[in-house]
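To start, the structure under review is shown below, and the notes come after it.
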Amino acid sequence: MTTTATSSLQVKSHYPFITRLLIELYQAGELPDVAHIDVEPTYGYAGRLVHRDGTVRFFRGKSFNINRSSSSEIAKDKGYTKYFLQQLGYRTPRGKVFLLPEFVACIDQMLGRHGFSNYATVDQIFSYVTQEIAYPCYIKPNRGAQGRGVNKCYTDKDVAEVVTHYHQEQLTTLIVEEAVPWPDYRVVVLKGQVISCYLRKPLVITGDGRATIRELFAIRQAVFVERQRNIILHLDDVRIQRRLARHNYTFDTVLADGQTFQVYEASNLSLGGEAEDMHHRIHDHWKELCRRISQDMDLLLCGIDLACADISDPSSDYSILEVNASPGFDNYAASGDEQARIVRNLYRLVYGETIFL
């Protein structure tokens, strides 16, 4: 049965990046310690690997399944991550977690009987921003990744709109953070070694004096498809519409030749951002900082989002934005041959050897 599963393996275009790469590595003989692989054939979203020593491991989506589940759960929660990083002496943006009303009603059934009522609710955000961090600020789902739901707010009106949207999406908690002014780097650490470091640059479109913004979006979308980047630009995204309105643009606006427009306030590659490799520029000080964070947060593999004024200068100001226990690499791998080589080698290490289990 297992031999049949392995022999019938084939790469299908709709499979997730991690599945496609694993099959390619296995069929190329680059996973010599893996005896066979069984991939759920319809969607290719989950699979099972058996090593020659009998060790079994599963994968699902982009999860590498090498971090302890409790450590991964902490990293998924931005509020908990911020608390522990601060307790460990690392700098993070000033921020606070707030609860939406439905969640307050839910947990109050359990905590209220103990006399606890110290909930930070969304109606307190306005005074918190005014008194503690000031505008502009970022509001994010407390649990989320790939830039989903990340909003930069400049006014109380922006905040109210975001909270209303979160309420409609039935989110339970959100986090409000100050906006730090430095470039955003992703540093990937695997078992105490910095594997890659790159600058994350937000999606920007450039005018030619003829095409409308709508047409420029379509052109960029075609480029994403050509590069096999799993990105869809949704024109109904309120974040895009809010940025257009702030610049007095519409989708029918024609940008002058060379004129640029930044589509999102976030720089995530999953939002169409670009990666500029910085592995040759990152100072050893920042490598060591990220290695310590991965160890202190009990993560064998993680992507650390580091905002830093100058990544080549060990004395620069910095702030740890997030720690990702399941970093995605598909968009990074699509950014160049060297990046693809780095990611291929990373998967070969993680899945080809049981030392990472």
Side-chain angles (χ1 to χ4, degrees), residues 63 67-180 238-239 266 292-299 302-305 307 318-326:
S63 173
N67 290 319
R68 277 189 262 261
S69 60
S70 55
S71 302
S72 295
E73 286 301 309
I74 290 295
K76 290 177 184 177
D77 189 296
K78 296 177 176 61
Y80 283 144
T81 301
K82 181 184 294 293
Y83 168 78
F84 286 111
L85 287 174
Q86 290 176 343
Q87 289 296 107
L88 291 162
Y90 300 106
R91 301 178 198 169
T92 71
R94 290 176 296 166
K96 186 174 181 179
V97 173
F98 294 86
L99 282 57
L100 277 83
E102 291 80 359
F103 191 53
V104 173
C106 177
I107 64 174
D108 192 56
Q109 295 180 13
M110 298 177 288
L111 300 182
R113 63 189 180 199
H114 299 289
F116 181 86
S117 60
N118 189 28
Y119 307 113
T121 56
V122 291
D123 58 296
Q124 301 169 14
I125 293 177
F126 307 102
S127 60
Y128 174 75
V129 173
T130 302
Q131 298 172 16
E132 300 292 335
I133 61 176
Y135 287 113
C137 68
Y138 278 97
I139 298 185
K140 315 173 187 179
N142 189 45
R143 293 175 65 90
Q146 298 184 321
R148 286 189 290 266
V150 175
N151 290 267
K152 191 173 185 179
C153 297
Y154 294 82
T155 65
D156 286 355
K157 181 176 180 292
D158 290 343
V159 171
E161 289 177 353
V162 172
V163 170
T164 298
H165 177 68
Y166 285 1
H167 178 78
Q168 293 169 346
E169 292 292 311
Q170 298 183 324
L171 298 184
T172 57
T173 57
L174 61 83
I175 187 167
V176 180
E177 291 184 323
E178 67 175 330
V180 295
V238 294
R239 295 174 296 179
R292 290 202 312 271
I293 289 174
S294 67
Q295 180 178 1
D296 288 341
M297 296 300 290
D298 187 33
L299 296 169
C302 64
I304 297 168
D305 294 343
Y318 83 95
S319 190
I320 303 300
L321 303 179
E322 293 185 18
V323 178
N324 193 321
S326 299

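Because the structure is a prediction, the values reported are computed rather than measured.
For K78, there are no salt bridge (Lys or Arg N to Asp or Glu O under 4.0 Å) partners, not counting sequence neighbours. Residues satisfying the salt bridge (Lys or Arg N to Asp or Glu O under 4.0 Å) criterion with K96, sequence neighbours excluded, are absent altogether.
For the pair I107/Y119, a side-chain contact is recorded, criterion being any heavy-atom separation below 4.5 Å from C-beta on. Taking 4.5 Å as the limit, some side-chain heavy atom of I304 sits within range of a side-chain heavy atom of I293. Side-chain contact between E161 and T164: absent, with no pair of heavy atoms (C-beta onward) separated by less than 4.5 Å. When side chains are defined from C-beta on, F84 does not count as touching D296, because their heavy atoms never get closer than 4.5 Å. By the 4.5 Å heavy-atom criterion applied to side chains, Q295 and R292 are not counted as neighbours. A heavy-atom distance below 4.5 Å is not found between the side chains of C153 and Y138. Annotation: side chain of Y166 is in contact with side chain of I139 (closest heavy-atom distance under 4.5 Å). Between F103 and T173 the shortest side-chain heavy-atom distance falls below 4.5 Å.
A donor-acceptor pair shorter than 3.5 Å cannot be found between the side chains of N142 and Y80. For the residue pair N324 / D305, no side-chain donor-acceptor distance below 3.5 Å is found, with atom types taken as modelled.
Distance check: T130 OG1 to I125 CD1 gives 11.5 Å after rounding to the nearest 0.5 Å. Here the straight-line distance linking atom CG of L99 with atom SG of C106 works out to 10.0 Å at 0.5 Å rounding.
Residue T92 comes nearest to S319 through the heavy atom pair C-OG, 3.0 Å, listed as atom of the first residue, atom of the second, then distance. Closest of all the heavy-atom pairs between V323 and I320 is CG2-CG2, 4.2 Å. Scanning all heavy atoms of the two residues, the minimum distance from A325 to N67 falls at O-ND2, 3.1 Å. The two residues I133 and C137 have their closest heavy-atom pair at CD1-CB, 3.9 Å. Annotation for G149 and P141: closest pair O-CD, 3.5 Å, computed over non-hydrogen atoms. The shortest heavy-atom contact between V122 and P101 is CG2-CD, 4.2 Å.
The backbone N or O of P93 sits less than 3.5 Å from a side-chain atom of K82, completing a donor-acceptor pair. S72 contributes a side-chain N or O that, together with a main-chain N or O of R68, makes up a donor-acceptor pair within less than 3.5 Å.
Summarising the local packing, CZ of F126 is surrounded by more than 12 heavy atoms from other residues, nucleotides or ligands at distances under 6.0 Å.
Salt-bridge annotation for E73 and R143: present, with a side-chain N of the basic residue lying under 4.0 Å from a carboxylate O of the acidic one. Note on R94 versus E177: no salt bridge recorded, every NZ/NE/NH1/NH2 to OD/OE distance being 4.0 Å or above.
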Which is it for V180 and L321 under the side chain to side chain contact (heavy atoms under 4.5 Å, CB included) test, yes or no, and what are the steps along the way? CA-CA 9 Å; V180 295; L321 303 179; 3.8 Å; yes

Would L174 and V97 count as a side chain to side chain contact (heavy atoms under 4.5 Å, CB included) here? Give the steps. CA-CA 6 Å; L174 61 83; V97 173; over 6 Å; no

Using the rule given for side chain to side chain contact (heavy atoms under 4.5 Å, CB included), can you reason through T81 versus E322, listing the C-alpha separation, both sets of side-chain angles and the distance that settles it, and then say yes or no? CA-CA 8 Å; T81 301; E322 293 185 18; over 6 Å; no

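Identified under the salt bridge (Lys or Arg N to Asp or Glu O under 4.0 Å) test for residues 98-117, with sequence neighbours left out: none.
Aromatic rings of F98 and Y128 (six-membered ring for Trp) have centroids within the 6.0 Å cut-off, being under it.
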